[in-house]
Structure formats: structure tokens, C-alpha cells
Trainee: 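Input: one structure, supplied below.
All values reported here derive from a predicted model rather than from experimental measurement.
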Amino acid sequence: MHAGITSMQALGFKQILTHRLTPQQIQLVKLLQVPAIDIKARIERELSENPALEQAQEAPEEKSAELSPTSEAPADLGEEEPRWGYRQYDSHADRMRREATIPVKYSLYDRLLEQFHYLQLDEKQRKIGEYLLGNLEDDGYIRRDLEVIVNDLACNEYVRAHTHEVEAVLKKIQQLDPPGIAARNLQECLLIQLQKAEKKPARQLAIQIVTETFPAFIRKHYDTILKKLEVADRALFREAIALISKLNPKPRIDDGASLHRQLVYPDFIVTQREGQLRVSLRSYYTPELSVSKRYAALLSEYETPQRKDKHMREAATFVKQRLTAAQWFIEAIKQRQQTLLHTMETIVKLQHDFFIEEEEQNLKPMILKDVAQEMQADISTISRVVNNKSVQTDLAIYPLKFFFTEGIHTTSGTEVSNRVVKQALAKLIREEDKQKPYPDHKLVDMLQAQGYDIARRTVAKYREQMHMPVARMRREV
């Protein structure tokens, strides 16, 4: 008896509080991430999959609508409860005015995805790989921690995976072209390229240098490398160093892809009239949706007392599920538009001075938390809205991420965007004497003389973010 009680006590009890998203919340989360150009395809997919969802009859002449303040509501952002209505525009003229083209590399993501799909993988590996490809940064690296990706896969893609499974798929992606793609750091990027290089003695020594003496290599401490690796053949060593120096540290840049003109479809439009800012949401990609009256009538017919056999009950259950899904989707689309519009209004409110003048020095330090607090929303919601979205102003198109920067204090007690400080730092480095480049401590002194209260480690961080090497590496003979 005593032994049994002890055994039960050893088991113990643990109370865990968990929060599970409802199907409606999951649907909204996914829709928030979809940019304007893709929302139409997402809606069309839902229309094809759910017969209880219908698109309202369109007029013969296609029109587009922008969600904007009605004439009765004040146009300024100070109004706490503006009313919103639809203002019609001719779609062709409006699109020609508000769409812009930019030269971009021809879809490296598509080329990688095509290569990836030739690999012999199961469904789980395919989903992991596609998610990893979606996390490629502009320079071709994947810097997100694999444990974070594992959590994202579970939350966003409903794929349960271990870190070693994700890493195994990552290794397969790293074998795709261009060489070095999907590396997690510079050392790994160089090693991937060396593994694919022509097999010769210098290649093996180059791999050894990058693997065993990488910190010394990036500092050009060649004597240290020669001593540690006990290299006697100086000519072979120079050949190995030359081989490493020819590798591409940014595999996504200059990858040989052809240029083409790509349309940029801004999700928002901000216009200025007599000093007042007007925010509108591009919504002509969002057709009006409704629940099928035919399906609703069908449900009433199936639920009549005279029709209570098994097949009718199953049919009624199916129709009810489709109707509920249609109602959820319509509500999620409405909430998506409201959330997107509210977020953009808040960004404009917090960055009012910039939108008035469109001068970069007018950018205020702002992080996701600032917008979330202003809206009384969750940071993750703001992150999803901001991701892959852009806004059209009277002068340019800006990605929403452009407006989020850290702050740096000035000696006068004010705070400026770190983008302004980066511009000042880049100017100092561009104009320096390349035979005597400024070390970081000198750059700190010069920036402080301009009024920026900045630490040496911050200068080093900004310099690295702008891909500018240390003074010793900038020196020219």
C-alpha cells in the first residue's frame, strides 16, 4: 500500500495552459500574409473548392474600388472613428496610373523550386523544402535558426519535424544551383562551392583552410595559417587562396539570371491633398462574395422532418459544413481588409512627417511593437501584415518594411532612424582615403561630431549590415 502511494506521488501533476487557434483564426492568419497581387488567386481557389461560396455578378465593364474615407468623414488621421466607403475608378486607367515596373532578376526562387522538385523526396520533405526556399534572404542565405523554422512549420504549415529532418532537406537544397545557395553563414557558403569545384590539390588545401582556419583567413593572417596547417609549398598555398577569393560570397547576386520588367502591385495607396494624408486599400483584386442561396435552400430541404434517413443526414451535414466554411471565408476576407487598412493608417500616423515630405531623414524610429501597441494588436499580426506588402505614394513605391527602423539618440536629446545614421556612415567610408581608411573608433568619433550618440559596436554592426569590411580590408595599395 505504501509503495503504491509513493509510486503515484512520484508521477506528480503538471498544469499547462495552452492556446489553440480556431479554424477561423488560422484562416485569417494565412490571408493576412497574402499580398494584393495574390489574393485574387486565393479567392478563386476557394470558389473552386467550395460550391457554397459564390462571386457576386460583375458589371459588364470591369471596375476597381479603393477603400477610402467617405466625403462625410474627415480625411485626416486624427479622427478616431472614420467611416469608410467605396469610390469607383476605371480599372485600366487606375492600374496604369498606380502600377509600376522595376527590373528584377528572373525568378531565382522558381528556378530553385524547379530543381528541388526533381529530387526524390516524400511529401513531408517537399513541404519542408518549399518552406526553406521561402526563407531565403536577398543574398541567398538562410540565417533563421533551424529550431525556429521547426516551430514555424508546426504552426503555419502543420508539419511536425525534428531539427535533423529540416537540416537533411537543407543539405539537399544546398546542392542546387547557383553554388552556395541556402548556406547559413559565409564559411558554409564557401565550403559548398569548394565541394563543387574542380578536384585538384589546391582545392583540397582550400577546403582545409576554410574548415580549420577560417577566422585567420578572413583576417588575412596567412602566416598563422601556414604555421597551423604546416604548409611548405608556398605556390600551392597562393593557388588555394586565389581559389577561395574567386568564390561568390553572395550566391543570389550576379547568378547569371536574365533581367525582366516585373510589375509591382502596391497593396496600399497614400495620397496628399492640401496637407492631409489619405489612406486607401487596393481592393479591386477582392471580388464581392456571398453564400449560395441554392445551397442554403438545399440545407432546408435536407433537414425537413420527412427526410431523416441516413443518406439525407449525411448530405445535410456536408451542405452545412460547406455553408459554414463559406461564411467563415467571407468574414475572414472582410477582417483581412479591415486589419490591413488599420495597420497602414497606423504606420502613416506614426510616420506622418515622412509621408508629408518623403525625405528619408524624416523617418522616425519605429518597430513592430510600436504599431502593435498603437493598434492594441498582437505583434505577430503586424508582422504578417507588413510582410511582402508595399505602399504607393505620390512619388514612389515603398515596401512596408522600409518604415521600420531602430532609433539612435543624438547629442541634442532627440532620436533619429538608424537608416539616417547608416547613410552618414556610408558617406564617411566612401569619401575616406583608401590608403588610410578609418578604423571603427575613428568613425565613432566622426559620427559623434555630427551629433549621433553611437557606440563602437553599433558602428561595426551597421558597417557589416551594409557589407562594408573593416578598415584593414578596405585598404588599397
Trainee: For the backbone of Asp122 and the side chain of Gln125, can you confirm whether one donor and one acceptor N or O come within less than 3.5 Å of each other?
Mentor: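 Indeed, once roles are kept as given, a pair shorter than 3.5 Å links the two residues.
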Trainee: Taking Gln193 for its side chain and Asn248 for its backbone only, find out whether a donor-acceptor pair lies under 3.5 Å.
Mentor: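 Pair found, side chain donor or acceptor close to backbone of Asn248.
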Trainee: Test side chain to side chain contact (heavy atoms under 4.5 Å, CB included) on Gln187 and Val210 and set out the steps.
Mentor: CA-CA 7 Å; Gln187 184 180 21; Val210 175; 3.8 Å; yes
Trainee: Closest approach of Lys196 and Pro179, non-hydrogen atoms and distance?
Mentor: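 Smallest heavy-atom distance, with atoms named: CD-CB, 4.1 Å.
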Trainee: Answer yes or no: is there a donor N or O on one side and an acceptor on the other, between the side chain of Thr346 and the main chain of His342, under 3.5 Å?
Mentor: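 Yes, the answer is positive, given that a donor and an acceptor are paired below the 3.5 Å cut-off.
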Trainee: When you compare the side chain of Phe214 with that of Leu186, does any pair of heavy atoms fall below 4.5 Å?
Mentor: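 Contact flag for Leu186/Phe214 side chains = yes.
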Trainee: Compute whether any side-chain donor of one residue and acceptor of the other, for Gln423 and Glu360, lie under 3.5 angstrom apart.
Mentor: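 Short answer, yes.
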Trainee: Could you tell me whether a side-chain N or O of Thr405 sits under 3.5 Å from a main-chain N or O of Arg419, the two making a donor and an acceptor?
Mentor: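 Side chain of Thr405 to backbone of Arg419, a donor-acceptor pair under 3.5 Å: no, none is there.
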Trainee: Between Arg336 (side chain only) and Leu32 (backbone N and O only), is there a donor and an acceptor less than 3.5 Å apart?
Mentor: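 No.
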Trainee: If the condition is salt bridge (charged side-chain N to carboxylate O under 4.0 Å, His left out), which residues does Arg463 pass it with, not counting sequence neighbours?
Mentor: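 Salt bridge (charged side-chain N to carboxylate O under 4.0 Å, His left out) list for Arg463, sorted by chain: Asp440.
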Trainee: Quick one: OG1 on Thr343 to CD1 on Ile382, what's the gap to the nearest 0.5 Å?
Mentor: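 The CD1 atom of Ile382 is 4.0 Å from OG1 of Thr343, to the nearest 0.5 Å.
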Trainee: Verify salt bridge (charged side-chain N to carboxylate O under 4.0 Å, His left out) between Arg184 and Asp145, making sure each step is shown before the conclusion.
Mentor: CA-CA 9 Å; Arg184 287 165 286 184; Asp145 190 274; over 6 Å; no
Trainee: Counting neighbours of CD on Glu147 that are heavy atoms of other residues, nucleotides or ligands and sit closer than 6.0 Å, is the number greater than 12?
Mentor: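 Not more than 12 within 6.0 Å, no.
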Trainee: Mind checking what makes salt bridge (charged side-chain N to carboxylate O under 4.0 Å, His left out) contact with Arg322, not counting sequence neighbours?
Mentor: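 Residues passing salt bridge (charged side-chain N to carboxylate O under 4.0 Å, His left out) with Arg322: none at all.
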Trainee: With sequence neighbours excluded, what pairs up with Ala168 under the side-chain contact (heavy atoms from CB on, under 4.5 Å) test?
Mentor: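 If we apply the side-chain contact (heavy atoms from CB on, under 4.5 Å) test to Ala168, skipping adjacent residues, there are no hits.
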Trainee: Measure the shortest side-chain to side-chain distance between Phe403 and Leu350 over non-hydrogen atoms and say whether it is less than 4.5 angstrom.
Mentor: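 Heavy-atom side-chain distance check fails, nothing below 4.5 Å.
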Trainee: Would you check if Val420 and Ile408 make a side-chain contact, meaning some heavy-atom pair closer than 4.5 Å?
Mentor: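 Answer no - side chains too far apart.
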Trainee: So, using ring-ring contact (aromatic ring centres under 6.0 Å, His included) as the criterion, who are the partners of Phe402 when residues are at least two apart?
Mentor: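 Expected list: Phe354, Tyr398.
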Trainee: Between Gln272 and Ile356, is a side chain to side chain contact (heavy atoms under 4.5 Å, CB included) present by the stated rule, with each step listed?
Mentor: CA-CA 7 Å; Gln272 184 181 169; Ile356 291 294; 3.7 Å; yes
Trainee: Of all residues at least two apart in sequence or in a different chain, which pass the side-chain contact (heavy atoms from CB on, under 4.5 Å) check with Glu406?
Mentor: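 Listed in chain order: Asn418, Lys461, Tyr462.
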Trainee: Is any side-chain heavy atom of Ile333 closer than 4.5 Å to a side-chain heavy atom of Ile39?
Mentor: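 Yes - at least one pair of side-chain heavy atoms lies under 4.5 Å apart.
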Trainee: Can you list the residues that meet the salt bridge (charged side-chain N to carboxylate O under 4.0 Å, His left out) rule with Lys30, with sequence neighbours excluded?
Mentor: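 Not a single residue meets the salt bridge (charged side-chain N to carboxylate O under 4.0 Å, His left out) criterion with Lys30.
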Trainee: Should Gln33 and Asn388 count as side-chain neighbours, where that means a heavy-atom distance under 4.5 Å?
Mentor: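 Gln33 does not reach Asn388 side chain to side chain.
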Trainee: Enumerate the salt bridge (charged side-chain N to carboxylate O under 4.0 Å, His left out) contacts for residues 377-386, please, sequence neighbours excluded, ordered by first and then second residue.
Mentor: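 The answer is none; no pair qualifies.
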Trainee: Are there more than 12 heavy atoms of other residues, nucleotides or ligands under 6.0 Å from atom OH of Tyr158?
Mentor: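 Yes, enclosed.
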Trainee: Taking 4.0 angstrom as the limit, do Arg45 and Asp38 come out as a salt bridge?
Mentor: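 Asp38 and Arg45: not salt-bridged.
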Trainee: Within a strict 4.5 Å, meaning less than it, do heavy atoms of the Glu46 and Leu53 side chains meet?
Mentor: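 A side-chain contact under 4.5 Å exists here.
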Trainee: Side chains of residues 365-374: which donor-acceptor partners sit under 3.5 Å, not counting sequence neighbours?
Mentor:
residue, atom, partner, partner atom, Å
Asp370, OD2, Ile367, N, 3.0
Glu374, OE2, Lys349, NZ, 2.9

Trainee: Compare every heavy atom of Leu363 with every heavy atom of Ser417, then report the nearest pair and how far apart it is.
Mentor: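 Here Ser417 and Leu363 meet closest at CB-O, 3.5 Å.
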Trainee: Between Gln335 and Leu28, is there a donor-acceptor pair closer than 3.5 Å when you use the side chain of the first and the backbone of the second?
Mentor: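 Not confirmed, Gln335 side chain does not pair with Leu28 backbone.
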Trainee: Taking all atoms of both residues into account, what is the closest heavy-atom pair of Ile128 and Leu153, and its distance?
Mentor: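 The answer is CG1-CD1, 4.0 Å.
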Trainee: Let me see the working for Asn362 and His352 under side chain to side chain contact (heavy atoms under 4.5 Å, CB included), right down to the final yes or no.
Mentor: CA-CA 9 Å; Asn362 290 338; His352 179 270; over 6 Å; no
Trainee: Mind jotting down which residue pairs meet the ring-ring contact (aromatic ring centres under 6.0 Å, His included) criterion with at least one end in residues 162-185? Sequence neighbours excluded, please.
Mentor: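 Listed once each, the pairs are His162-His164.
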Trainee: Backbone N or O of Leu194 within a donor-acceptor pair of the Arg203 side chain at under 3.5 Å?
Mentor: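 Indeed, once roles are kept as given, a pair shorter than 3.5 Å links the two residues.
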Trainee: Taking atom types as modelled and ignoring hydrogens, do the side chains of Glu54 and Ser292 form a donor-acceptor contact shorter than 3.5 angstrom?
Mentor: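 Glu54 vs Ser292: donor-acceptor pair found between side chains.
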Trainee: Identify the two heavy atoms, one from Lys401 and one from Asn387, that lie closest to each other, and give their separation to 0.1 Å.
Mentor: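 Scanning both residues completely, I find the closest heavy atoms to be NZ-OD1, 3.3 Å.
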Trainee: Count the heavy atoms of every other residue, nucleotide or ligand shown that sit under 6.0 Å from CD of Glu288, and state whether that count exceeds 12.
Mentor: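 No.
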Trainee: Determine the sole option in Ile43, Val291, Thr324 for which the side chain to side chain contact (heavy atoms under 4.5 Å, CB included) test with Phe329 is passed.
Mentor: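 Single pass found, and it is Ile43.
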Trainee: Lys124: which residues meet the side chain to side chain donor-acceptor pair (under 3.5 Å) condition with it, sequence neighbours left out?
Mentor: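 Side chain to side chain donor-acceptor pair (under 3.5 Å) check on Lys124 returns Glu165.
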Trainee: Is there a side-chain hydrogen bond (donor to acceptor under 3.5 Å, both in side chains) between Gln465 and Lys422? Walk through the geometry before answering.
Mentor: CA-CA 9 Å; Gln465 288 175 350; Lys422 285 181 180 180; 2.7 Å; yes
Trainee: How close do Leu341 and Phe268 get, counting heavy atoms only, and between which atoms?
Mentor: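 Smallest heavy-atom distance, with atoms named: N-CE2, 4.2 Å.
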Trainee: So do Ile207 and Gln195 actually touch side chain to side chain, heavy atoms under 4.5 Å?
Mentor: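 Gln195 vs Ile207: side chains touch.
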Trainee: Taking only distance into account, with no hydrogens and no angle test, what donor-acceptor pairs under 3.5 Å do side-chain atoms of residues 129-137 form with protein atoms, sequence neighbours excluded?
Mentor:
residue, atom, partner, partner atom, Å
Glu130, OE1, Arg126, NH1, 3.2
Glu130, OE2, His117, NE2, 3.0
Glu130, OE2, Arg126, NH1, 2.8
Tyr131, OH, Asp152, OD2, 3.4
Asn135, OD1, Arg144, NH1, 2.9
Asn135, ND2, Tyr131, O, 2.8
Glu137, OE1, Arg143, NH1, 2.7

Trainee: Can you name the closest pair of heavy atoms from Gly180 and Cys189 and give their distance?
Mentor: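 Looking at all heavy atoms of both residues, the shortest contact is O-SG, 3.8 Å.
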Trainee: What pairs with Lys171 under salt bridge (charged side-chain N to carboxylate O under 4.0 Å, His left out), at least two apart in sequence or on another chain?
Mentor: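 Glu188.
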Trainee: With the side chain counted from C-beta on, respond yes when Lys389 and Met344 share a heavy-atom pair under 4.5 Å apart, and no when they do not.
Mentor: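 Not touching, per the 4.5 Å side-chain cut-off.
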